2 protein chains.
Amino acid sequence: MARLSAEERRRLLVDAAIRVMTRDGVAQATTRAIVSEADMSLGAFHYCFRSKEELLENVIVAITERTALPAQEILEGPGDVEEKLRASLMSYWQHVLDHPAEHQLTYELTQYATRTPGLADLARTQYRNYLKTNTRLMEALRANADVAWTVPTETLVRYLTAVIDGLTLLFLNERDAEAATAAIDLAARQLLNLLAQPA
Amino acid sequence: MARLSAEERRRLLVDAAIRVMTRDGVAQATTRAIVSEADMSLGAFHYCFRSKEELLENVIVAITERTALPAQEILEGPGDVEEKLRASLMSYWQHVLDHPAEHQLTYELTQYATRTPGLADLARTQYRNYLKTNTRLMEALRANADVAWTVPTETLVRYLTAVIDGLTLLFLNERDAEAATAAIDLAARQLLNLLAQPA
DNA sequence: GTCTATAGGAAGATAGAC
DNA sequence: GTCTATCTTCCTATAGAC
């Protein structure tokens, strides 16, 4: 077999793990299933990672980065504040509709991390990052558009984060795209109501 | 040992399973851990249930009922529509603050069911029940108080369900009661804005 | 009905030949 | 670096004595 660096193999194994988990769930992602997906031997796994937990730590970090990146890009663009807010929400929402399994996986990983003593911190960090990303989004909107929110930023951000999370979860479990989209439309309108009315 | 009916044992095992899962997570709830918690022999398990999956089916049904019951009681009480809506939300919220592990468990079970071929239907049913309960809540509010909602009931209900779910999930992961409560206060105000203004 | 003993298999991790 | 064979442990499920 090809001689790959340990670093390269680590990357391949993390990617393979994400594919297996997305397809079959976290519980089914055994070391054997992962190395099989990556077309490696079982021995290669423990040559690259000290334990399965070490792999999972890397998987969680990789997934969180993938989720955070698009959210930050949305923000930079033209349009007034209302358009941008709606566009941001809808861009995220389209990603949920197109890639439900990926989002399902992030929730599974959060729970897995919460229940794994060595990874519990990661679950907290994951959510802190969501909140931080959304805070930057809301503050940038305010700064660019010179508007104000009628509620404290911390509260607004938690409300926004919760609505996004809740609607995603609802769609993942109900799989009614039309109904969920109507609800997120309502959520967007409700958020815009929190903008201070221009005098 | 005492001679118990199979039905009684089934009840005891389901309760024991819920305790183990609440404490240690679904993945840790092995048949051995459950019978140990119930103070039974391993053999008793397979005398009462054909398989572990059959137990889990019963666990999910039991948990869903427990969650749905308080929500229905909240509804029957005095007060105007605004008070009742706020009181309902806050009663649920207090339960989340007091028993986070129980709510954590319901999310875990939903995921477990989703990933288990024989139980996948149960996950859908669970969410359909949440929606149905919330629909009854909203319709009863409307009927009792003779007010109208400014959005379709189906959309309102999904929005409500999502906000509740999202804030619960946020609290479970962030564990900041103060911040999450401020957000649910905001959510309650936002919901009340969807009532048609009395002329 | 109740329990112990055990089958049968899959998991994570390791040893050691190449 | 790579891979096979194996160790140990834990799982669900069953068999069969009492």
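Just so we're clear, the structure is a prediction, and the values are computed from it rather than from any experiment. The sequence lines fix the lettering, A, B, ..., with proteins before strands; numbering per chain opens at 1.
Between the CE atom of A/Met40 and the P atom of D/dC3 there is a distance of 9 Å, given to the nearest Å. Atom CD of A/Glu54 and atom C1' of C/dT14 are 16 Å apart (whole Å). The distance between atom CZ of B/Phe45 and atom C1' of C/dA5, rounded to the nearest whole Å, is 19 Å. Distance CG (A/Leu12) to C1' (D/dT2): 15 Å, rounded to an integer number of Å. Following rounding to the nearest Å, B/Glu8 (CD) and C/dT2 (P) show an atom-to-atom distance of 11 Å. Taking atom CD1 on B/Ile34 and atom P on D/dC11, their separation rounds to 11 Å, with Å as the unit. Rounded to whole angstrom, the span from the CG atom of A/Leu13 across to the P atom of D/dG1 amounts to 13 Å.
Its side chain within the 4.5 Å cluster rule, B/Leu55 clusters with B/Leu4, B/Leu12, B/Leu13, B/Val14, B/Ile18, B/Met21, B/Val26, B/Ile34, B/Val35, B/Met40, B/Leu42, B/Phe45, B/Phe49, B/Leu56, B/Val59, B/Ile60, B/Val61, B/Ile63, B/Leu105, B/Leu109, B/Tyr112, B/Leu119, B/Leu122 among the Ile, Leu, Val, Met, Phe, Trp and Tyr residues.
By the salt bridge (charged side-chain N to carboxylate O under 4.0 Å, His left out) test, A/Arg142 is found to be paired with no residue, residues two or more places apart in sequence or in another chain being considered. In this view, B/Thr110 and A/Asn173, B/Thr114, B/Ala123, B/Gln126, B/Tyr127 satisfy the side chain to side chain contact (heavy atoms under 4.5 Å, CB included) rule, not counting sequence neighbours. In this structure B/Ser41 satisfies the side chain to side chain contact (heavy atoms under 4.5 Å, CB included) test together with B/Ala44, sequence neighbours excluded.
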Protein-to-nucleotide contact annotation, 5' to 3' order, nucleotides 7-12 of chain C [B base; S sugar-phosphate only; - none; under 4.0 Å, heavy atom]: ----BB
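Put simply, the side chain of B/Arg158 gets close to the backbone of B/Glu154: a donor and an acceptor are under 3.5 Å apart.
At C/dT2, one or more side-chain N or O atoms of B/Arg9 fall inside 4.0 Å of OP1 or OP2 (strictly under the cut-off).
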Give the table of side-chain donor-acceptor pairs shorter than 3.5 Å for residues 96-103 of chain B, with sequence neighbours excluded, one pair per line with atom names and distance.
unit_1: B/Asp98; atom_1: OD1; unit_2: B/Gln94; atom_2: NE2; d: 3.2
unit_1: B/His103; atom_1: NE2; unit_2: B/His95; atom_2: ND1; d: 2.8

